[in-house]
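As C-alpha cells, the structure follows; a few thoughts come after it.
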Amino acid sequence: MKKDKHLKPSPERPSSSHRLCRDHLESILASVADALVVTDRNDRIILGNKAAEDLFATDSRDMISMSLQELLAKHALSIIDLDKMKHSGRTQRFDMELPTEDQRGIRMLQGISSPVCSPAGDSLGCTVLLFHDITYERELDRLKTEFVSMAAHELRTPLTTIRGFSELLLERSFSRAEQKKFLFYINQQAEHLTQIINDLLDISRIESGQGFVLSRSETAISLLVQEVITVFQEQESGHSYALQLQDTATTLDIDKDKIRQVLENILSNAVKYSPDGGRILVEGNAAEHSYVLAISDKGIGMTPDQMAHIYDKFYRADNSDTAIGGTGLGMGIARYIIEAHEGAIDVQSQYGVGTTVSITLPTGKKE
Amino acid sequence: MKKILIVDDHWEVRYLVKVSLRSESYLLSSAVNGLEAWRMINEEHPHLIILDIMMPGIIDGLAVLKRLRSAPEFKNCKVVLLSGKGQQADLASGFSAGADAYVVKPFSPRELVAKVAELLVE
C-alpha cells in the first residue's frame, strides 16, 4: 500500500469506504485531546493515548494489561457506576474526580464509554473510554448557581417592605400622613427593586461575555458632569457639591448614558457614605491623552479590607441602617464600563476621613 | 404588658415590624445587630424576640439564639426568627437552635401578628 503523508484513500484497495492506514490512525489517536483508553472484554487495557498517559501519570506501555479498575483506583478520588458502565453494551457516561497535578485541587472529568463495534454492528468485545475535563464548566455552573442565589436574596429586602406595607394599608386604618408615608416607602422600594433588576441584567451581560454595545458620540464632558450634579443637588440630601472642572472644552468619544450611569453610581456612593452631609467635590483635569475626573467625599471612608472587596458582586461596605441600600453591583458595573472605554478607575480611601474615586477616560476619537 | 425586642440590620424591616405590632399590649424596642441585641436582652428581659438571622458583625441571629438558649434565665423568652433564608435546611437549623417560630421574608404582617399573639399566650 502506498504510504502517503496526507490522508488519502489508498487507490489499490477498491472499497466503498475510505481506509486509512494504521500510522494515520495512530497519529489521530495520539492527537485526540481527551484521554482515550481501550479495554478488552476482560477489562484489561489494550490501548492508551498520550492524553491518557498525562492524565493518569502512567506510561502507555505500563497501562497495557492493567485492569481499568487498577488504573483508575491509582488516582481517582471517586468513580460513579463503573460496574454498570462496563457491562451494559451501550454508551454510558460517568463522572470522575482526580487530584490536580499539584495535588492541591480537584479536577472533574466526565467519562464516556462506548462498546467497540464493527461497521456492521457486531460487538468486538472491546470498550473505548474517553475522559473529558469539565472542571471549568462545573466551576462556572457553581458560580452561576451562587449568583442566582445571591440575586434572589437581594430582591427579598425591598419586597419585604412592599408586601408588608401594602398589606397593612389594605387591612388597617392609618392617618392620612401615615398612609402617605407608607406609600412613599412602597414606591421607593419598588424603584430600588427596578434598579437591582437592571444591575443584574447588566452584570449578566458582562459575565456572559456579551458586554455592552457602546454607542459613542462626541460629548462635552463638563456638560455631562453638570447635568448629573444638578440632579443630585435637587435631591437635597444635605450635601453641597463643588465643581472644579478645568479644560472644560474637552470632548470625549464616549457612550453618554453609560458614563452618566457611572457618575451617578459614584456620586450616590459618596452621598450614602457621608451620612453627615458635607461637601462632595468633583474635579476634572485634562492629562496627556486623557481626561481625569475625581469625586471626593469627606465621609466614613473605607478600611483596606473594605477597599479590597469594592468590586465584588453584592458587596456593600455598610449594610445597616441605610434608608436605601445600594445593589452592591454598581462598582463592578462601573469598572466594566470604564474599561470598555479603554479608561481606568481608581479608588483611594481612608477610614474615618473620606474617599476619592478617580476615572480616567482617553481623549481623541477611537480609530 | 409584653416586651418585644425587634432585631434586624435593615431599618425598613424594623419599622415595618414595629408598625405591624403596634398595640396597647406590647412595648416595642429594637436592636440593629447581634451585639446590641444581646446587650438589650440582658437589660430588658423581653418576653419575645423577633430575630433576623443575617446581620453584619461577628454575632448573627443564630448565634444570639444559641446564647439565649444556653442561659436558663431566658428559657421562657420566645423567639421568632425572621429571615430571607427560607430553605428547608434553614428552617431546620433555626428550629434546632431553639426558635419557637420561623417567618420567611417577604412576610405577611397579619401572619406575624397572629404568630406573636399565639406565642405570648402560652
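In the text below, chain A, chain B and the rest are named by the order of the sequence lines, each starting its count at 1. The figures here come from the full heavy-atom set of this structure, side chains too, leaving out hydrogens, waters and symmetry mates.
Crowding of Y351(A) atom OH: a count of heavy atoms from other residues, nucleotides or ligands under 6.0 Å not exceeding 12. The local environment of CG in L35(B) is sparse, with at most 12 non-hydrogen atoms from other residues, nucleotides or ligands closer than 6.0 Å. Heavy atoms of other residues, nucleotides or ligands lying less than 6.0 angstrom from CD1 of I58(B) number 12 at most. Within 6.0 Å of CD on Q87(B) lie no more than 12 heavy atoms contributed by other residues, nucleotides or ligands. Shown here is E171(A), whose CD atom has more than 12 heavy atoms of other residues, nucleotides or ligands within 6.0 Å. The environment of K3(B) atom NZ is dense: over 12 non-hydrogen atoms of other residues, nucleotides or ligands sit within 6.0 angstrom.
Distance CG/D8(B) to OG1/T160(A): 8.5 Å, rounded to 0.5 Å. The CD atom of E12(B) sits 7.5 Å away from atom OG1 of T157(A), with the distance rounded to the nearest 0.5 Å. Put simply, CZ on R172(A) and OG on S20(B) are 5.5 Å apart, with the number rounded to the nearest 0.5 Å. The CZ atom of R156(A) sits 13.0 Å away from the NE2 atom of H10(B) when rounded to the nearest 0.5 Å.
Interface with chain A: from residues 98-112 of chain B, residues V104(B), K105(B), P106(B), F107(B), S108(B), P109(B), R110(B) qualify, criterion being any non-hydrogen pair under 4.5 Å.
Between F165(A) and Y15(B), the two ring planes are tilted [angle within 30° to 60°].
Of all the heavy atoms in L16(B) and T161(A), the pair that sits closest is CD2-CA, 4.5 Å.
With sequence neighbours excluded, the residues that form a side chain to side chain contact (heavy atoms under 4.5 Å, CB included) with L169(A) are F174(A), Q179(A), F182(A), L183(A), I186(A).
For M55(B), no part lies near chain A; criterion is any non-hydrogen pair under 4.5 Å.
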